[in-house]
**Student:** 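I'd like to ask some things about the structure below.
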Amino acid sequence: MGAQLRVYKRRIRSVTATKKITKAMEMIAASRVVKAQRKVAASTPYATELTRAVMAVANGSNVKHPLTTEAENPTRAAVLLLTSDRGLAGAFNSNAIKAAEQLTARLEREGKQVVTYIVGRRGIAHYKFREREVVESFTGFTDEPTYADAKKVAAPLIKAIETPDSEGGVDELYMVYTEFVSMMTQTAVETRLLPLNVEEVAEEAAPKGEILPLYDFEPSAEDVLDALLPRYVESRIYNAMLQSAASKHAATRRAMKSATDNAGELINTLSRLANAARQAEITQEISEIVGGASALADATAGSDR
């Protein structure tokens, strides 16, 4: 019985140590998600005004630009998947990967060849394990992405869509990331970045019937598109990276809180079992003492006779 009690105590110590770790990780994730939310809010005005400017150029000129013109028969599409470098975030990465695979399957059914770009070690490991080709991958900044990181990710994608299909380019660019809705809700979403969908951009740039500002194009609309559209892609990718980071931290916080609560429940259960084992051990010792005393009394009484 003493051995069983020692096992329970050892397990209680182990689970208590784990609970301290998960509680610390929960608090760290909670502080990081607040910072990430602030960065998302700070990046919104720039992205909004840049979207307005791109929309003005797209609507106010007849220039055919590779970043705004639909291909007559698109045959190749690029998919950018945003995941995290670390796990312990529940279904955060698996949901994004699942959304990317569904998008890839849909594009392939449309007869398009899909090339994949991935941000985050978790997504890279998933594709590598399944021996799927990845054109380029990026790691090391998913928890706290910067605009420089977004530019690094966007550069090969912009180059790919400006390159003809015959030379390894693509006709369309899609992105899959996790949208931060609230601390309790994060949703894996897909969006097409290029070619520019004028109707979607118009809705984002001027919601609820707002009037877009007027712009003069200098030196020309084509030069303005050459300058603005890469910035537009970079800002969209940066915003998506920030939302993914906030979503990951929120998912980690939720997962670690669940782990901490489960550890507390397990400690209570083990404590009850340890108490029961201790009581059984004490009861057995008392029974042995009483039995020994009774046997000693019977032996003494027999010798007196």
Side-chain angles (χ1 to χ4, degrees), residues 39-72 74 76-82 115 117-119 135-138 141 144-177 189-207 210-245:
K39 289 183 178 179
V40 172
S43 69
T44 299
Y46 173 77
T48 300
E49 291 305 319
L50 188 57
T51 302
R52 286 172 177 260
V54 171
M55 187 60 209
V57 180
N59 280 342
S61 66
N62 296 321
V63 175
K64 289 188 177 182
H65 194 276
L67 305 186
T68 58
T69 305
E70 293 275 358
E72 295 182 1
R76 285 171 56 88
V79 174
L80 172 63
L81 169 61
L82 302 185
V115 293
Y117 298 76
I118 300 180
V119 174
V135 178
E136 285 200 44
S137 58
F138 310 87
F141 51 79
E144 296 182 3
T146 63
Y147 195 83
D149 298 323
K151 291 182 67 175
K152 181 170 66 175
V153 174
L157 296 169
I158 296 172
K159 182 179 179 181
I161 203 164
E162 290 178 332
T163 304
D165 290 356
S166 58
E167 300 177 13
V170 297
D171 299 308
E172 298 175 343
L173 169 59
Y174 295 82
M175 179 170 60
V176 177
Y177 67 100
V189 297
E190 65 175 67
T191 182
R192 194 181 81 166
L193 293 181
L194 299 173
L196 199 64
N197 189 318
V198 176
E199 294 182 358
E200 288 184 3
V201 174
E203 180 63 26
E204 294 178 10
E210 292 183 16
I211 299 175
L212 287 170
L214 297 176
Y215 294 91
D216 291 328
F217 309 136
E218 292 290 344
S220 67
E222 185 174 4
D223 291 333
V224 172
L225 280 175
D226 287 338
L228 280 184
L229 278 168
R231 304 294 179 273
Y232 168 77
V233 176
E234 293 166 1
S235 67
R236 290 291 298 270
I237 292 177
Y238 180 52
N239 184 265
M241 290 167 60
L242 291 177
Q243 294 214 40
S244 291

**Student:** Could you pull out the closest heavy-atom pair between P145 and Y238, with the gap in Å?
**Tutor:** O-CE1, 3.8 Å
**Student:** Evaluate the side-chain proximity of F138 to P156: yes if any heavy-atom separation is below 4.5 Å, no if none is.
**Tutor:** yes
**Student:** Which pair of heavy atoms, one from T191 and one from R236, lies closest together, and at what distance?
**Tutor:** OG1-NH2, 3.4 Å
**Student:** Using modelled atom types and a 3.5 Å cut-off, is there a donor and acceptor pairing between side-chain atoms of R192 and backbone atoms of P195?
**Tutor:** yes
**Student:** With a 4.5 Å cut-off on side-chain heavy atoms, are F141 and V119 touching?
**Tutor:** yes
**Student:** Can you see which heavy atom on K39 is nearest to which on L242, and at what distance?
**Tutor:** O-CD1, 3.6 Å
**Student:** Do you know the tightest heavy-atom contact between G169 and R76?
**Tutor:** O-NE, 2.6 Å
**Student:** What do the steps show when you test Y177 against I237 for side-chain contact (heavy atoms from CB on, under 4.5 Å), and what is the final call?
**Tutor:** CA-CA 9 Å; Y177 67 100; I237 292 177; over 6 Å; no
**Student:** Tell me if a side-chain donor or acceptor on D149 pairs with a main-chain N or O of T146 at a distance below 3.5 Å.
**Tutor:** yes
**Student:** Measure the spacing between OG of S43 and CD of Q243 and express it to the nearest 0.5 Å.
**Tutor:** 8.0 Å
**Student:** To check you understand the geometry: which heavy-atom pair defines the closest contact between L80 and L157, and what is its length?
**Tutor:** CD2-CD1, 3.8 Å
**Student:** Nearest 0.5 Å, what's the CZ-CG distance between R231 and L50?
**Tutor:** 9.0 Å
**Student:** Apply the test side-chain contact (heavy atoms from CB on, under 4.5 Å) to residues Y147 and Y46: give CA-CA distance (whole Å), side-chain angles for both, the deciding distance (0.1 Å), then the verdict.
**Tutor:** CA-CA 12 Å; Y147 195 83; Y46 173 77; 3.9 Å; yes
**Student:** State the CD-CD1 distance between E136 and I118, to the nearest 0.5 angstrom.
**Tutor:** 12.0 Å
**Student:** Taking atom CG of L194 and atom CD1 of I158, what is their separation to the nearest 0.5 Å?
**Tutor:** 7.5 Å
**Student:** If you round to the nearest 0.5 Å, how far is CG of L228 from OG of S235?
**Tutor:** 10.0 Å
**Student:** Can you see which heavy atom on A150 is nearest to which on E234, and at what distance?
**Tutor:** CB-O, 3.8 Å
